[in-house]
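Here's the structure, in structure tokens; my notes come after.
Just the heavy atoms: all of them, side chains too, but no hydrogens, waters or symmetry mates, feed the values below. The chains referred to below are lettered A, B, ... by the order of the sequence lines, with proteins before strands, and numbering in each begins at 1.
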Amino acid sequence: MRLSQLFFTTLRDDPSDAEMPSHRLLTRAGYVRQLGAGLYSLLPLGFRVTQRVEQVIREEINAIGGQEMEMPVNHPADLWRESGRYDAIGNEMVRFKDRAGRDMVIAMTHEEVVADLLRDIVKSYRQLPLIVYHFQTKFRDEPRSRGGLIRVREFVMKDSYSCDRDEAGLDAAYWAHHGAYTRIFERLGLDAIPVSSDVGMMGGSLAHEFMVLNPYGEDRLVLCEACGYAANQQVAPTTAPEPPADDELPVEEVATPDTTTIDALARFLGIDASRTAKAAFFVTGDGRFVVAIVRGDYDVNETKLVNAIKATGGLRPAQVEEITARGMQPGYGSPIGARDAVVVVDSLAARSRNLVAGANKPGVHLRNVNVPRDYTPDVITDIASVREGDPCPQCGGTVILRNGIEVGNIFKLGTKYTEALGAEYLGEDGERHPIVMGSYGIGLGRNVACVVEAHHDDKGIAWPAEVAPYAAHLVALGGNRDPHVVEVADRLHDAAKAAGDRHEILYDDRDESPGVKFTDAELLGMPWILTVSPRSLAAGGVEVTNRATGEKQVRAVDDVEAFLTGRVPTPA
RNA sequence: CGGGGCGUGGCGCAACGGUGGCGCACGUGCUUUGGGAGCACGAGGCUGUGGGUUCGAAUCCCACCGCCCCGACCA
């Protein structure tokens, strides 16, 4: 591809609204352009990278038996009513009516369509197992997109679906995907860590997210360097040391003016935060009022809380009036004297003796509050978030917390969708059984951005060869003084092109100064930069630079051509 | 949806009550050609939209729209 013809432009200055390196560089180098919040155009270079990523995924999913297909973006709403998600999902799903007035949705994912196809097509156990997948546009009207391509509203996702006779089949398909994902991310040059994760609104029994560590990541990960334990903080169990088994002392009021936070309270009383009980107030999507109690040195983990009380529709923070209406006082709250509230107490807080808790009166706390002597929990379970430095739940070592970006996920769905839609098969036993499903996603654009996050320097991008949009970047200098330069450059460009799409190179044939050409080559990030000039020819051929390492050497034109056409693996 | 910030040629910025400028990019010509070259000439803007204050608004006020960041949310 001749650079003089390519639909792109590079920018000298960083776009003012880009913070992440991937966003900055992909925009500056002419790979993407933003259309609106969470909406990006892929320019030809960006599209080629995405196709490379797509091809890696395709090869690995095919290798575990996946069959590629394509399902629609727009669905009849009735299908989503059958699964119950039409009402369960909030306004991140776009709904509209078609010209006939039929309710429609823009798909966020495709479990319903797959289940609908299964009930139509699969009749017998002989037709299972199956893995089907597609690359398809999703639209999710995120309340807030961010980080360039990291969190967008419209994106292409590889979503695959395993369809099995039973739990054992699902287990095999699940771990087959786990292996395929491991190979995919390795080929993309990403250090992705599988972490156990919440199943969220997908439902199901087991889920992993593949995470790459990144300071801009939206997820908090609990990691143990000693044993390799890795989990999303949303689900990582807390394992604090057992609190002392002190005798229960009598409750007493203590005046604590202006201590509406745990910090202020602990400082005022001169005690450690672990000697206090923290109350948080929520309302569930199904209208229940919840008081959550954790020890003062921990935070409430909303995911665990949602799961503990099966809060359909999630949680929102309670308003002040909702709290006081139930006999509690924000800032000085506890379940003592609470009415019409579901009381959920963290197991560690429940085991800790003689905590300081709110008295539900402004400026007053209670010493020596104990569960269940002083109030009755509805649920006692783990609802606290693991902190950095806590013991590892697996080996007892010390965990660290890091931010991560989710580059892929795998879910055991079970029969949630097939039962709802009646997707059954006739078994060997002559009985009808629901088909057992799994669902597995990888977002393309986010992976492209993560590759840049992992492979760049202060000059620009340095693509791994597997995903580079072009195999090399040919810089021709002094062509107007020396026709031999043009002759050699043209020959290399044509030979690479003739060797096939994977071998094609970018050829900077523009009438630009050497500085501009080198700077752009480093910004664009092809794995090899080939310089042809009177000087390089005098030195014996073509200067070959490894973009990632900066190593340079001059190679004979024939050697370079052998590399570009795939006859030898590397130019060096 | 709450909090904060910002909307001025393609990009980055200035002008902060008195007829909108700079750098880069862009076009033409000449010179230049191994690290974002030089000179000359030139093109490009209802200052996001609407209202208000004022003799006069890019500038002050109000509303709306858009974008970014933090939080809420996140299959």
### Message
Let me spell it out: for each of A/Ser145 and A/Arg28, pick the nucleotide of RNA chain B with the closest heavy atom. Which residue's pick is nearer the 5' end?
### Response
A/Arg28
### Task
Please confirm whether any donor atom in the side chain of A/Arg146 sits under 3.5 Å from an acceptor in the base of B/C69, or the reverse.
no
### Message
Between B/A72 and B/G9, how far apart are the two C1' atoms, rounded to whole Å?
### Response
39 Å
### Query
Tell me: CD of A/Glu142 to P of B/C73, nearest whole Å?
13 Å
### Query
Between A/Phe7 (CZ) and B/G10 (P), how many Å, whole number?
15 Å
#### Entry: Atom-to-atom span, CD of A/Glu218 to C1' of B/C74 - whole angstrom
7 Å
### Query
Hey, does A/Lys552 reach any base, or is it just sugar-phosphate, or nothing, if we go heavy atoms under 4.0 Å?
base
#### Entry: Heavy-atom donor-acceptor pair, A/His493 side chain to A/Met1 backbone, under 3.5 Å
yes
### Query
Heavy atoms under 4.0 Å, any strand shown: does A/Ser536 hit a base, just sugar-phosphate, or nothing?
base
## Note on the structure
Taking for A/Glu302 and for A/Pro514 the nucleotide of RNA chain B with the nearest heavy atom, the one nearer the 5' end belongs to A/Pro514
### Query
Choosing from B/G34, B/G36, B/G71, which nucleotide comes nearest the side chain of A/Arg144?
B/G71
#### Entry: C1' spacing across the pair B/U47 / B/C22, given as an integer number of angstrom
16 Å
### A/Arg220 and A/Gln234: CA distance, side-chain angles, deciding distance, side chain to side chain contact (heavy atoms under 4.5 Å, CB included) verdict
CA-CA 8 Å; A/Arg220 248 354 225 167; A/Gln234 293 177 329; over 6 Å; no
### Summary
For residues 29-45 of chain A, the salt bridge (charged side-chain N to carboxylate O under 4.0 Å, His left out) pairs (sequence neighbours left out) are none
### Message
Is there a side-chain contact between A/Arg535 and the phosphate of B/G34, meaning an N or O under 4.0 Å from OP1 or OP2?
### Response
no
### Query
Does the gap between the ring centers of A/Tyr31 and A/Trp463 come in under 6.0 Å?
yes
### Message
Regarding A/Glu112, tell me which of base, sugar-phosphate or nothing describes its non-hydrogen contacts under 4.0 Å with the strands shown.
### Response
nothing
### Message
Within the 4.0 Å heavy-atom criterion, would you say A/Gly147 contacts the bases, only the backbone, or no part of the nucleic acid?
### Response
sugar-phosphate
### Task
Go through the side-chain N and O atoms of A/His75 and A/Trp80 and say whether any donor and acceptor fall under 3.5 Å apart.
yes
#### Entry: Whole-angstrom distance between B/G56 and B/C13, as gauged at atom C1'
27 Å
### Task
Would you classify A/Asp17 as touching base, sugar-phosphate or nothing, given that sugar-phosphate means primed atoms plus P, OP1 and OP2, and contacts are heavy atoms under 4.0 Å?
sugar-phosphate
### Euclidean distance, atom CZ of residue A/Arg85 to atom C1' of B/C74 [Å, nearest integer]
14 Å
### Summary
Per atom distances to the A/Thr519 side chain, the nearest of B/U33, B/C11, B/G35 is B/G35
### Distance-only donor-acceptor check, side chains A/Arg153 and A/Tyr40, under 3.5 Å
no
### Task
Report which part of the nucleic acid A/Asp14 touches: base, sugar-phosphate, or nothing (heavy-atom distance under 4.0 Å, all strands).
sugar-phosphate
### Task
Test for a donor-acceptor pair under 3.5 Å between the base of B/G36 and the side chain of A/Glu512, counting only N and O atoms.
no
#### Entry: Polar side chain donor-acceptor pair, A/Asn409 to A/Tyr181, under 3.5 angstrom
no
### Message
Over all strands shown, is A/Gly36 touching base, sugar-phosphate only, or nothing at heavy-atom distances under 4.0 angstrom?
### Response
sugar-phosphate
### Task
For A/Arg510 and B/G35, give me the distance from atom CZ to atom C1', rounded to whole Å.
14 Å
### Message
Give the dot-bracket line for RNA chain B from 5' end to 3' end: parentheses for intra-strand Watson-Crick or G-U pairs under 3.5 Å, square brackets for crossings, | for inter-strand pairing, dots for unpaired.
### Response
(((((((..((((....[..)))).((((((.....)))))).....(((((..]....))))))))))))....
### Query
When we call it a touch if two heavy atoms are under 4.0 Å apart, what does A/Pro15 touch: a base, just sugar-phosphate, or nothing?
sugar-phosphate
### Atom C1', compared across B/G35 and B/C68: separation rounded to whole Å
34 Å
### Message
Taking the minimum atom-to-atom distance to the side chain of A/Arg12, which one of B/G23, B/A25, B/G35 wins?
### Response
B/A25
### Task
Establish, with yes or no, whether the OP1 or OP2 oxygen of B/G12 is under 4.0 angstrom from a side-chain nitrogen or oxygen of A/Ser16.
yes
### Message
Tell me whether A/Lys517 contacts the main-chain N or O of A/Ala476 through its side chain, where contact means a donor paired with an acceptor under 3.5 Å.
### Response
yes
### Query
Expressed in whole Å, how much space separates the C1' atoms belonging to B/G66 and B/U8?
15 Å
### Query
Roughly how far apart, to the nearest Å, are B/G48 and B/A14 at atom P?
14 Å
### Short side-chain N/O contact to B/C68 OP1/OP2 from A/Gln34, under 4.0 Å
yes
### Task
Could you give the distance separating B/G50 and B/C65 at their C1' atoms, to the nearest angstrom?
10 Å
### Message
Taking salt bridge (charged side-chain N to carboxylate O under 4.0 Å, His left out) as the cut-off, I'd like each qualifying pair that reaches into residues 209-219 of chain A, sequence neighbours left out, listed once.
### Response
A/Arg146-A/Glu218, A/Arg151-A/Glu218
### Query
Which heavy atom in A/Ala230 sits nearest to a heavy atom in A/Pro194, and how many Å separate them?
CB-O, 3.9 Å
### Distance, rounded to the nearest Å, where A/Lys517 contributes NZ and B/G35 contributes C1'
13 Å
### Message
Nearest whole Å is fine: how far is B/A37 C1' from A/Asn480 CG?
### Response
14 Å
### Query
Which is true for A/Glu543 with a 4.0 Å heavy-atom rule: it touches a base, it touches only sugar-phosphate, or it touches nothing?
base
### Task
Report yes if at least one side-chain N or O of A/Ser513 is closer than 4.0 Å to OP1 or OP2 of B/A37; otherwise report no.
yes
### Message
When the P atoms of B/U59 and B/C16 are compared, how many Å lie between them, rounded to an integer?
### Response
13 Å
### Summary
Whole-Å distance, A/Phe518 CZ to B/U33 P, equals 15 Å
